[in-house]
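One-based numbering, in listed order, for ligands and for the atoms of each.
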Amino acid sequence: MSTTVLATFYRCGVESVLTGFTVVLLPFCSLGGAISNMYAMLLARFKMFPEVKERGMASLPRLAAFTSEHSHFSIKKGAAALGIGTESVICVKVDERGKMIPSDLERRIVDAKQRGLVPFFVSATAGTTVYGAFDPLIAIADICRKHGVWMHVDGAWGGSLLMSRKHRWKLNGVERANSMTWNPHKMMSVPLQCSALLVREEGLMQKCNQMQASYLFQEDKQYDVSYDTGDKAIQCGRHVDIFKLWLMWRAKGTVGFEAQIDKCLELSEYLYDKIKDREGYEMVFNGKPQHTNVCFWYLPPAIRCMEDGEERRRRLHKVAPIIKARMMEYGTTMVSYQPQGNKVNFFRMVISNPAATFEDINFLIEEIERLGQDL
Ligand SMILES: *Cc1c(COP(=O)(O)O)cnc(C)c1O
């Protein structure tokens with residue numbers, strides 16, 4: 001059964017969506033985006049220094065990885081777990097909309113080399129967690145090629161936009177990456193957990209991770225072992241998480257997922273259009289969001305008339321947490337919030353459930369105002 005599942009996945013699945021990619025492993029594992037990102041870093045290191053597998057980090061020069069200051073925390077976590085260290089993850093500046101600035105990436109790669117570090121890994125983000133920003137992948141690919149660095153795309157959140165003919169241009173350049181993380185368990189509503197790591201170089205995953213346990217991975221099995229992903233993973237026993245995606249894909253088709261994704265983006269655009277000029281709202285960044293992340297402040301009347309300054313910032317910082325707490329007490333809705341850089345707490349409305357409706361969005365706005373107007 002599982003061989004058939006995997007074979008079908010290979011044939012009809014990701015390869016046709018992501019031109020030029022081979023699905024090497026991780027769709028089938030019980031993982032998440034954080035672990036997929038760590039696998040990518042592991043592969044990049046192995047590609048440059050295969051001896052690390054036997055001899056460990058002591059045999060290597062000091063490495064440097066690069067990712068934007070808005071990237072997911074799992075990049076640093078992976079570096080810590082792999083013995084590379086969080087100090088070796090160099091943060092690249094982002095523009096006003098949260099996209100990595102390619103010239104700053106290049107400057108930092110050159111600077112790291114001058115300091116005697118070896119740049120080995122760049123993780124661009126396709127759909128940042130907070131702003132939903134897509135890093136400029138084409139420019140980043142050029143820099144990676146020029147400096148001989150592995151290009152990874154963390155598309156845990158935004159990778160699913162590849163399913164949409166209307167929105168996939170946002171990932172232009174992804175076809176040049178060495179690896180990509182994609183989480184069907186986020187935007188595509190596959191039940192947790194289901195994360196895929198797509199790797200360009202066939203066989204690398206195997207070389208990097210295999211231990212050839214003779215009691216499991218016999219070559220003389222009665223079925224085709226080329227789909228046996230077991231020895232590519234770090235884990236031994238695993239869920240067949242790919243099955244959920246396979247089943248949904250068979251049921252909905254790519255057009256089904258596309259409709260689902262387009263709907264979520266349409267809903268978020270509706271929310272953005274409703275609040276961008278509405279009294280009491282301020283957007284965190286200018287322009288239409290690229291993903292479904294709508295980031296905004298709600299300003300209660302008492303704050304609206306205050307002059308810009310420390311006191312206003314201090315008051316505004318407390319608004320989102322109080323409204324969120326009230327939302328939870330009433331049990332009506334929940335919207336996450338966070339500060340980012342020098343920006344005080346703001347709401348981040350993310351839509352990944354295609355069952356949501358325009359009325360739900362209207363309700364959300366009314367509810368925020370109802371719960372926050374006395375603050
Ligand atoms: C959510 C997210 C991750 C982590 O994915 P998990 O499946 O929760 O481990 C990594 N990167 C980005 C950009 C994310 O949004």
Side-chain angles (χ1 to χ4, degrees), residues 14 25-44 65-82 86 89 91-92 94 97-100 121-137 140 151-163 167 170-171 173-174 177-199 233-235 238-239 241-242 244-245 261 264-265 268 284 289-295 335-338 340-341 348-353:
V14 180
L25 158 72
L26 298 167
F28 333 122
C29 290
S30 165
L31 297 164
I35 304 293
S36 293
N37 285 341
M38 193 183 78
Y39 266 103
M41 195 180 268
L42 181 69
L43 282 177
F66 302 82
T67 193
S68 91
E69 52 194 1
H70 278 204
S71 68
H72 194 261
F73 66 85
S74 57
I75 304 297
K76 281 195 171 163
K77 202 173 246 205
L82 296 176
T86 56
V89 179
C91 283
V92 180
V94 295
R97 298 202 41 156
K99 296 163 183 278
M100 185 190 281
F121 182 75
V122 169
S123 180
T125 313
T128 58
T129 315
V130 177
Y131 280 21
F134 288 79
D135 287 346
L137 301 181
I140 293 169
M151 177 181 172
H152 174 64
V153 174
D154 178 2
W157 174 224
S160 298
L161 264 55
L162 287 169
M163 294 274 181
H167 297 286
K170 293 167 189 174
L171 287 103
V174 70
N178 297 95
S179 57
M180 177 190 181
T181 291
W182 166 47
N183 275 8
H185 74 212
K186 285 192 169 171
M187 193 63 186
M188 281 159 48
S189 314
V190 176
L192 274 167
Q193 292 167 284
C194 184
S195 172
L197 177 67
L198 313 178
V199 181
I234 297 175
Q235 290 164 283
R238 285 165 300 141
H239 275 161
D241 281 319
I242 195 62
K244 296 174 286 191
L245 174 60
I261 284 157
C264 290
L265 277 132
S268 63
V284 173
Q290 281 205 295
H291 206 329
T292 73
N293 308 43
V294 182
C295 297
V335 185
S336 55
Y337 69 85
Q338 66 283 295
Q340 169 96 48
R348 169 178 52 119
M349 180 61 192
V350 168
I351 298 161
S352 58
N353 182 354

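Set against the non-hydrogen atoms of Trp157, the atoms of ligand 1 under 4.0 Å away are 15 (O). The distance from ligand 1 to the heavy atoms of Gly127 drops below 4.0 Å at these ligand atoms: 13 (C). Annotation for ligand 1: atoms under 4.0 Å from non-hydrogen atoms of His185 are 7 (O). Taking every non-hydrogen atom of Thr129 and a distance limit under 4.0 Å, the qualifying atoms of ligand 1 come out as 12 (C), 13 (C), 14 (C), 15 (O). Near Ala156, meaning under 4.0 Å from one of its heavy atoms, ligand 1 places the atoms 2 (C), 3 (C), 10 (C), 11 (N), 12 (C), 14 (C). Those atoms of ligand 1 with a heavy atom of Gly32 less than 4.0 angstrom away are 7 (O), 9 (O).
If you check which protein heavy atom lies closest to atom 11 (N) of ligand 1, you get Asp154 OD2, 2.7 Å.
Lys244 places a side-chain N or O within 3.5 Å of a backbone atom of Pro191 that can act as its donor or acceptor partner. With hydrogens and angles disregarded, no donor-acceptor distance shorter than 3.5 Å links the side chain of His185 to the backbone of Leu192. A distance-only check finds no donor-acceptor pair linking the side chain of Ser74 to the backbone of Lys77 [under 3.5 Å]. Counting only distance, with no hydrogens or angles, the side chain of His291 and the backbone of Trp157 share a donor-acceptor pair below 3.5 Å. No side-chain donor-acceptor contact under 3.5 Å links Tyr131 to the backbone of Val284. Under the 3.5 Å distance criterion, the side-chain polar atoms of Thr181 are left unmatched by any main-chain donor or acceptor of Ala156.
Close N/O approach between Gly33 and ligand 1 is found [any backbone or side-chain N/O within under 3.5 Å].
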Take His72 and Thr125 through the test side chain to side chain contact (heavy atoms under 4.5 Å, CB included) and record every step on the way to the result.
CA-CA 8 Å; His72 194 261; Thr125 313; over 6 Å; no
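For Gln193, the heavy-atom gap to ligand 1 stays at 4.0 angstrom or more. The shortest heavy-atom distance from Ser36 to ligand 1 is not under 4.0 Å.
You'll find the side chain of Cys91 reaches within 4.5 Å of the side chain of Lys76, heavy atoms only.
The heavy atom nearest to atom 9 (O) of ligand 1, out of those in Ser74, Gly155, Ala34, Ser71, is found in Ala34. The heavy atom nearest to atom 1 (C) of ligand 1, considering only His72, Met187, His70, Lys186, is found in Lys186.
Contact annotation: for Asn183 versus ligand 1, heavy atoms closer than 4.0 Å belong to the side chain alone.
Of all heavy-atom pairs spanning Lys99 and Gln290, the tightest one is NZ-OE1, 2.6 Å.
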